[in-house]
Amino acid sequence: MAKTLGPFDYVIAGGGTAGCVLANRLSADSRNSVLLLEAGGKDDWIWIHIPVGYLYCIGNPRTDWCYRTEPDPGLNGRSILYPRGRVLGGSSSINAMLYLRGQARDYDEWASLTGDSGWSWRNVLSLFMKTEDHWRGADEKHGVGGEWRVEPVRLRWEIIEAFRDAAAEAGIAWTDDFNRGDNEGVSRFEVNQRGGVRLSAAKAFLRPAMKRPNLTVLTGALVKSLRLEGRRVLGVEFYQGNEKFFAEARRETILSAGAIGSPQVLQLSGIGPGALLQRHGIPVVHDLPGVGGNLQDHLQLRMAFKVKNVLTLNTLLGSWWSKAKMGLEYALFRTGPMTMAPSQMGAFVKSDPRQPTPDLEYHVQPISLDKFGEPPHPFPAFTVSPCNLRPTSRGHVRITSPDPRAYPAITLNYLSTPQDRKIAAAAIRLTRHIVTGTQVMKKYEPEEFTPGPAFQSEEELVKAAGNIGTTIFHPVGTCKMGRADDSTAVVDARLRVRGIQRLRVIDASIMPTITSGNTNSPTVMIAERGSQMVTSDE
């Protein structure tokens with residue numbers, strides 16, 4: 001027998017980026033009682049807050065769900081680690097901290113697909129600015145005073161600056177800002193940090209709100225399913241330890257469990273593709289075929305190059321003295337390599353001049369390693385990772401059991417379309433030109449060792465992309481929003497689940513198409529707009 005908690009006005013399932021924003025905004029009105037449920041633990045581990053700690057958080061069950069994908073033909077049959085934050089703050093507690101909004105065209109496309117002009121760039125820009133506290137100060141595209149602090153990277157690497165100059169030699173102009181709607185060019189990234197310390201959504205949005213008596217936050221709370229009366233949601237059933245609870249929601253239940261968790265909860269609750277639910281013995285409450293479909297992600301092609309005559313992080317991490325020096329510098333000044341986001345320099349470029357806007361994003365890192373959790377290579381090297389910003393391949397998330405503790409099957413179908421394969425081959429060629437075909441880089445004698453120069457033909461380059469391709473941690477789209485005549489849409493433009501009362505999904509899963517850049521700050525914006533919808537629709 002489940003113990004009943006509440007009733008609360010709002011029950012939010014998921015304490016990641018979106019859930020933290022929602023908890024803050026909905027509890028700002030003292031008349032609202034709000035419950036936030038997070039399956040992971042508290043964000044009280046030191047490596048969450050030290051920026052370079054992502055190396056210890058990703059692949060660690062303390063902070064990461066440690067999902068794995070299904071074997072993928074596009075990756076030459078490989079199954080890969082699929083990190084998702086398992087802690088307050090969700091993936092914002094373990095991610096790259098890069099502040100990127102995407103392109104204006106992304107949001108104008110959302111407006112067209114949903115029929116709601118409120119999702120257009122002109123309208124969402126004000127939401128980005130509201131949450132922002134930008135180091136440059138306020139202007140027509142940036143805000144100050146918000147919770148989401150944005151700062152410049154705090155260190156320079158010669159090899160990274162050389163990549164910038166090589167990109168310029170290759171015709172990619174310098175830009176001073178990736179976040180004005182047109183992100184074309186090469187530049188240093190900006191990060192969500194405050195004084196050299198990671199700023200997660202939990203610290204920025206949730207922690208200040210936890211002082212409010214009308215907000216309750218529970219960790220270690222694994223959602224079992226929604227409780228429904230017909231097609232009306234009453235609240236959330238969840239486990240905390242060995243005990244079962246029911247949290248009653250008077251007004252609305254909000255799923256903010258992310259692109260993997262939110263469709264899983266819907267499917268476990270009898271909302272999703274009918275045949276899938278029946279196969280697992282789950283009574284079909286609402287046959288909604290789009291739940292779990294439309295999965296999109298940015299596939300990064302991790303190309304690595306040995307270099308000479310320059311320092312890289314590989315070298316520093318190979319010496320105990322260098323490690324001690326880095327630790328001391330961080331402790332005293334909050335500077336140095338321990339403030340590093342995974343990537344310091346980026347570029348947005350066109351894979352083909354006929355593209356209307358950049359369709360490739362580069363992440364450039366002064367380190368090389370086989371995969372997260374393993375040590376860097378024992379020689380100086382750096383990594384240049386292009387990714388296709390607008391993939392046409394689509395995957396899905398499907399439950400494998402009626403047990404909420406059983407991980408769902410995550411199928412990405414990377415490189416499953418001719419267009420994606422063509423762009424992957426073009427990205428490898430362009431990267432080689434920048435790194436090994438420019439005068440700027442000659443002094444460093446770059447030598448490609450991943451995937452290696454043996455791959456040359458179109459067919460070989462696609463195979464190489466399958467060998468080195470991996471997630472850049474941007475799953476979206478599995479509860480996509482759309483018009484009423486879109487049979488694959490899960491939520492409407494106001495993020496209400498179609499055919500179900502008192503239920504919304506507010507997180508990255510509602511994106512109909514992936515943004516042209518990192519997805520964390522767009523998720524903050526989605527939650528900001530979603531909270532306004534919730535309160536205005538009462």
Between S393 and N413, a side-chain donor and acceptor under 3.5 Å: no
Compare all side-chain heavy atoms of R227 with those of V233 and state whether any distance is below 4.5 angstrom. no
Take atom CZ of R502 as the centre, draw a 6.0 Å sphere, and report whether it contains more than 12 heavy atoms from other residues, nucleotides or ligands. yes
Less than 3.5 Å apart, any donor N or O on the side chain of T63 or N60 sitting next to an acceptor on the other? no
From SG (C387) to CD (Q300), nearest 0.5 Å: 7.0 Å
Under 3.5 Å, is there a donor-acceptor pair between the N520 and T17 side chains? yes
Contacts of K3 meeting salt bridge (Lys or Arg N to Asp or Glu O under 4.0 Å) (sequence neighbours excluded), chain-then-number -> E243
W65 and Y407 aromatic ring geometry - parallel, tilted or perpendicular at 30°/60° bounds: perpendicular
Take H363 and Q365, measure what side chain to side chain donor-acceptor pair (under 3.5 Å) needs, and give me the verdict at the end. CA-CA 7 Å; H363 291 80; Q365 306 162 336; over 6 Å; no
Please walk me through it: do D537 and R494 pass salt bridge (charged side-chain N to carboxylate O under 4.0 Å, His left out)? CA-CA 9 Å; D537 287 349; R494 298 192 71 76; 3.0 Å; yes
Is there any salt bridge (charged side-chain N to carboxylate O under 4.0 Å, His left out) pair reaching into residues 80-102, and which pairs are they, with sequence neighbours excluded? R101-E132
Please check if the side chain of T535 supplies one atom and the backbone of S531 the other of a donor-acceptor pair under 3.5 Å. yes
Taking side chain as C-beta onward, heavy atoms only, is Y10 less than 4.5 Å from L22? no
Nearest 0.5 Å please: distance from the CG atom of L389 over to the CD1 atom of I514. 8.5 Å
Test log, rule salt bridge (charged side-chain N to carboxylate O under 4.0 Å, His left out), inputs D29 and R212: CA-CA 10 Å; D29 185 337; R212 300 169 183 162; over 6 Å; no
Hey, are the side chains of T216 and L36 touching, using non-hydrogen atoms and a 4.5 Å cut-off? no
With distance as the sole criterion, is a donor-acceptor pair present between the side chains of T357 and Q103 under 3.5 Å? yes
Could you tell me whether a side-chain N or O of Q501 sits under 3.5 Å from a main-chain N or O of R232, the two making a donor and an acceptor? no
For residues F189 and M345, determine if any side-chain heavy atom of one lies less than 4.5 Å from a side-chain heavy atom of the other. no
Tell me whether R122 at atom CZ has more than 12 heavy atoms from other residues, nucleotides or ligands lying less than 6.0 Å away. no
Going by an N to O cut-off under 4.0 Å, is there a salt bridge joining D133 and R149? yes
side-chain contact (heavy atoms from CB on, under 4.5 Å) partners of V87, counting only residues at least two apart: D43, I48, S93
I need the I410 CD1 to R68 CZ distance, nearest 0.5 Å. 10.5 Å
Minimal non-hydrogen separation, V397 against A259, with atom names: CG2-O, 3.9 Å
Between N24 and A209 (side chain of the first, backbone of the second, donor and acceptor by atom type, cut-off under 3.5 Å), is there such a pair? no
Ignoring hydrogens, what is the shortest heavy-atom contact between L206 and A23? Give both atom names and the distance. CD1-CB, 3.9 Å
Just wondering, more than 12 heavy atoms not from F246 lying within 6.0 Å of its CZ? yes
Do Q278 and H280 have side-chain atoms, one donor and one acceptor, less than 3.5 Å apart? no
Keeping the roles fixed (side chain from D507, backbone from G258), state whether a donor-acceptor pair exists under 3.5 Å. yes
Keeping the roles fixed (side chain from T515, backbone from G102), state whether a donor-acceptor pair exists under 3.5 Å. no
Roughly how far apart are N183 CG and D177 CG, rounded to 0.5 Å? 10.0 Å
Is the number of heavy atoms from other residues, nucleotides or ligands within 6.0 Å of CG (L332) greater than 12? yes
Take R390 and S516 through the side chain to side chain donor-acceptor pair (under 3.5 Å) test and state the conclusion after the steps. CA-CA 7 Å; R390 294 189 287 277; S516 301; 3.3 Å; yes
Under a 4.0 Å N-O cut-off, is there an ion pair linking R180 with D139? yes
Counting C-beta onward and ignoring hydrogens, is there a side-chain heavy-atom pair between N179 and H142 closer than 4.5 Å? yes
Where the side chain of S187 meets the backbone of D176, is there a donor-acceptor pair that is under 3.5 Å apart? no
Between W148 and F205, how do the two ring planes meet: parallel, tilted or perpendicular, split at 30° and 60°? tilted
Using side chain to side chain donor-acceptor pair (under 3.5 Å) as the criterion, point out the one residue from D297, T470, D72 that pairs with Y414. D297
Keeping H49 on the side-chain end and W47 on the backbone end, is there a donor-acceptor pair under 3.5 Å? no
Counting distance only, does the side-chain N/O of S79 pair as donor-acceptor with the main-chain N or O of T69 below 3.5 Å? yes
For a 4.5 angstrom cut-off between non-hydrogen side-chain atoms, does L218 reach L35? yes
Do T114 and D116 meet the criterion of a side-chain donor-acceptor pair at a distance under 3.5 Å? no
If you compare all heavy atoms of S120 against all heavy atoms of D108, which two are closest, and at what distance to 0.1 Å? CB-OD1, 3.5 Å
I500 side chain reached by L266 side chain, heavy atoms, under 4.5 Å: no
Taking every heavy atom of P51 against every heavy atom of R198, the minimum-distance pair comes out as CG-N, 4.0 Å
Pairing donors with acceptors under 3.5 angstrom, does anything connect the side chains of T339 and R154? no
Less than 3.5 Å apart, any donor N or O on the side chain of E70 or T411 sitting next to an acceptor on the other? no
In terms of side-chain heavy atoms, does S33 have a donor or acceptor partner in D9 at a distance below 3.5 Å? yes
Between the side chains of R251 and N32, does any donor sit under 3.5 Å from an acceptor? yes
Measuring from atom CG of D359 to atom CZ of F348, what distance do you get when rounded to the nearest 0.5 angstrom? 11.5 Å
What class does the angle between the rings of F245 and F238 fall in, given that below 30° is parallel, 30 to 60° is tilted and above 60° is perpendicular? parallel
Donor-acceptor contact below 3.5 Å, side chain R334 vs main chain Y330: yes
Would the distance check show the side chain of Q267 and the main-chain N or O of I399 forming a donor-acceptor pair, the cut-off being under 3.5 Å? yes
Name the residue from Q193, E190, E151 that meets the side chain to side chain donor-acceptor pair (under 3.5 Å) definition with W135. E190
R529 to W119, cation-pi by 6.0 Å centre distance and 45° axis angle: yes
Is the shortest side-chain N to carboxylate O distance from E147 to R194 below 4.0 Å? no
Which atom pair, heavy atoms only, marks the closest approach of A96 to A341? O-CB, 3.2 Å
In the structure I gave you, are the side-chain heavy atoms of L228 and L234 within less than 4.5 Å of one another anywhere? no
Does K141, at its NZ atom, have more than 12 non-hydrogen atoms belonging to other residues, nucleotides or ligands within less than 6.0 Å? yes
